2 protein chains.
Amino acid sequence: MTELPPEITLLWGVRETPRRGRKPSLTAADITRAAIAVADAEGLAAVSMARVAAELGNATMALYRHVKSKDELLALMTDGALDPPPVLPGGDWRIGLTTWSEAIMASFQKHPWYAQVTISGPPIGPNNLAWFDRGLSALEDTPLEEGEKVGIVMGLITYLHGELRLSFELAEGYRENPEAFSRVYAAALRRFVDPREMPALAKVVDAGVFDYDTLYDEQDLGADFNFGLNLYLDGIAAYLDRRSST
Amino acid sequence: MTELPPEITLLWGVRETPRRGRKPSLTAADITRAAIAVADAEGLAAVSMARVAAELGNATMALYRHVKSKDELLALMTDGALDPPPVLPGGDWRIGLTTWSEAIMASFQKHPWYAQVTISGPPIGPNNLAWFDRGLSALEDTPLEEGEKVGIVMGLITYLHGELRLSFELAEGYRENPEAFSRVYAAALRRFVDPREMPALAKVVDAGVFDYDTLYDEQDLGADFNFGLNLYLDGIAAYLDRRSST
DNA sequence: CACGATAGCGTAGGTGATACGCATAAAAGC
DNA sequence: GCTTTTATGCGTATCACCTACGCTATCGTG
């Protein structure tokens with residue numbers, strides 16, 4: 001059997017035989033939990049090894065016995081912060097994927113910093129895999145090949161993660177300067193978009209799409225999310241149609 | 001007229017009246033260019049203020065006369081690194097958006113670090129807006145409302161950016177350990193995916209979707225990209241159908 | 001030619017990651 | 001119970017970076 005690298009086994013909490021030696025007063029899971037708490041409360045920037053250690057009442061360097069580097073800690077956080085996936089209503093794949101998407105966005109939104117961490121590599125942690133599985137399960141009754149299911153779910157994750165990032169950034173900008181935010185953006189566009197050079201964009205700007213509170217509005221963000229999601233789901237439906245008719 | 005914040009005007013290179021005083025030997029554009037060169041050659045991590053300054057033969061702190069912070073420099077880079085958008089073949093929106101998507105991915109791929117920088121906020125730089133405009137122009141002959149066009153193009157950008165990030169990460173992992181990369185992933189999945197807990201994922205793993213070089217393969221990445229893109233485009237087509245038939 | 005505004009940049013402070021090695025605690029073996 | 005073994009806790013020290021501040025050099029203007 002192939003030897004698995006420690007950064008992967010760590011995610012699953014496999015501990016070979018810690019028989020001898022001093023009893024650890026800390027586990028990687030503890031550290032991850034504390035780091036997530038700090039990030040939730042004060043943002044990702046506040047997560048330093050020293051800060052996390054202080055949270056646990058330990059010295060900074062103690063953490064390095066359990067975590068190879070800060071990057072590894074971040075990787076642990078991206079798995080640890082996810083809720084377990086919901087049970088999907090069986091039957092219609094579309095309803096299933098919609099439920100799934102809404103649930104994953106809800107899970108993301110509990111941890112605003114999630115959009116900022118760089119995911120490195122394919123899903124491998126327990127929670128990530130559980131979500132992956134649940135997404136695939138929504139497509140169970142379709143005639144798709146396994147590889148196609150993977151492509152669809154991966155694509156959806158990609159899209160949702162991007163959407164999260166975008167909404168997070170807008171929320172950020174809005175929080176920093178609520179009143180000016182959309183005004184400034186609209187003003188900047190009006191100032192720089194030359195109808196001769198960017199006619200399509202100019203038309204949009206003129207139509208007032210970016211005006212005032214149109215840009216940032218909780219309601220609208222939800223609507224945008226649904227719009228894009230449905231586009232993607234429509235695409236899946238079309239693909240299924242095309243596939244079964246040939 | 002609303003006063004625009006300097007970080008925005010800087011992107012457009014508006015300089016009010018730098019009449020008096022010493023002549024600048026450096027411009028924000030120079031700095032951006034140098035930073036991009038460093039990132040291209042040695043990765044984003046190599047971009048430090050000191051390194052960029054050295055590249056220009058200046059002292060570190062000289063940069064701060066032209067750029068408020070490193071974050072601002074990164075923002076400038078994300079605009080400066082983009083090629084100008086291509087001229088799209090008129091007529092069919094689908095061909096237009098496909099051309100556009102492929103071109104933007106090609107532009108991204110010249111700068112692998114692009115996937116790593118955190119975009120902060122809606123597109124506002126000249127190149128970003130040019131791309132935005134060009135994307136919108138592909139939808140010009142459709143009966144969509146302006147807001148819908150924006151939603152569609154934004155969604156597409158979101159998806160493409162995510163796709164870029166994913167492929168970058170895979171390429172990264174592959175580069176670090178070409179032989180082991182997919183083997184380790186497949187092995188890890190086989191080890192941890194319990195068919196009782198994650199039946200759908202187990203089925204996929206058993207089907208060999210993640211085996212050996214299936215996971216990372218230039219050919220496959222391109223195919224995945226096209227698959228996802230077409231899903232999204234199918235979704236747009238379906239939306240157009242639904243819309244015109246009611 | 002003196003003045004004032006602006007660019008260049010040296011110094012220094014602060015933050016943060018992390019290598020290294022020793023002290024310490026706990027199990028294993030006698 | 002005492003020694004040996006082994007892993008943990010963590011103090012010290014280093015290194016890399018960002019950036020505030022203020023001085024000096026330079027150039028247009030009157």
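Lettering of chains follows the sequences in order, A, B, ..., and the numbering in each one begins at 1. Excluded from the calculations below are hydrogen atoms, water molecules and symmetry mates; all remaining heavy atoms, backbone and side chain alike, are included. All values reported here derive from a predicted model rather than from experimental measurement.
Here the P atom of nucleotide C:dG16 and the CG atom of A:L63 are 14 Å apart, to the nearest Å. Across the protein-nucleic acid pair, A:L44 atom CG and C:dT15 atom C1' stand 16 Å apart, rounded to whole Å. Rounding to whole angstrom units, CG of residue B:L56 and P of C:dA7 are separated by 16 Å. Atom CZ in B:R51 sits roughly 18 Å away from atom P in D:dT19 (whole-Å rounding). The CG-P distance, from A:L26 to D:dA7, rounds to 18 Å in whole Å. Protein atom CG of A:N58 is 20 Å distant from nucleotide atom P of D:dA7, rounded to whole Å.
Legend: side chain to side chain donor-acceptor pair (under 3.5 Å) pairs involving residues 125-135 of chain A, not counting sequence neighbours, sorted by first then second residue: A:D79-A:N128.
Side chains of A:H161 and A:F108 form a contact here, defined as non-hydrogen atoms less than 4.5 Å apart. With a 4.5 Å cut-off on side-chain heavy atoms, A:M61 and A:M49 do not count as touching. At least one side-chain heavy atom of B:P123 sits under 4.5 Å from a side-chain heavy atom of A:Y185.
Taking only side-chain nitrogens and oxygens, A:H66 never comes nearer than 4.0 Å to OP1 or OP2 of D:dA7. Put simply, A:S48 has no side-chain N or O that comes within less than 4.0 Å of OP1 or OP2 on C:dT15.
The ring pair (Phe, Tyr, Trp, His ring centres under 6.0 Å) test applied to A:F192 returns B:W12, not counting sequence neighbours. Taking B:P5 as the reference, A:V184, B:E7, B:I8 meet the side-chain contact (heavy atoms from CB on, under 4.5 Å) condition, with sequence neighbours excluded. Taking the side-chain contact (heavy atoms from CB on, under 4.5 Å) definition, one finds that A:D206 meets it with A:R190, sequence neighbours left out.
Nearest-nucleotide positions on DNA chain D place A:G57 closer to the 5' end than the other of B:A46 and A:G57.
In this structure, B:K110 does not pair ionically with B:D40, as no charged nitrogen and carboxylate oxygen lie closer than 4.0 Å.
Under a 3.5 Å cut-off, the side chain of A:Y232 and the backbone N or O of A:I152 do form a donor-acceptor pair.
Rounded to 10°, the angle separating the first-five-pair axis and the last-five-pair axis of the helix from C:dC1-D:dG30 to C:dC30-D:dG1 equals 0°.
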Review item, nucleotides 18-24 of chain C N/O atoms under 3.5 Å of protein N/O:
unit_1: C:dT18; atom_1: OP2; unit_2: A:Y64; atom_2: OH; d: 3.0
unit_1: C:dT18; atom_1: OP2; unit_2: A:K70; atom_2: N; d: 3.0

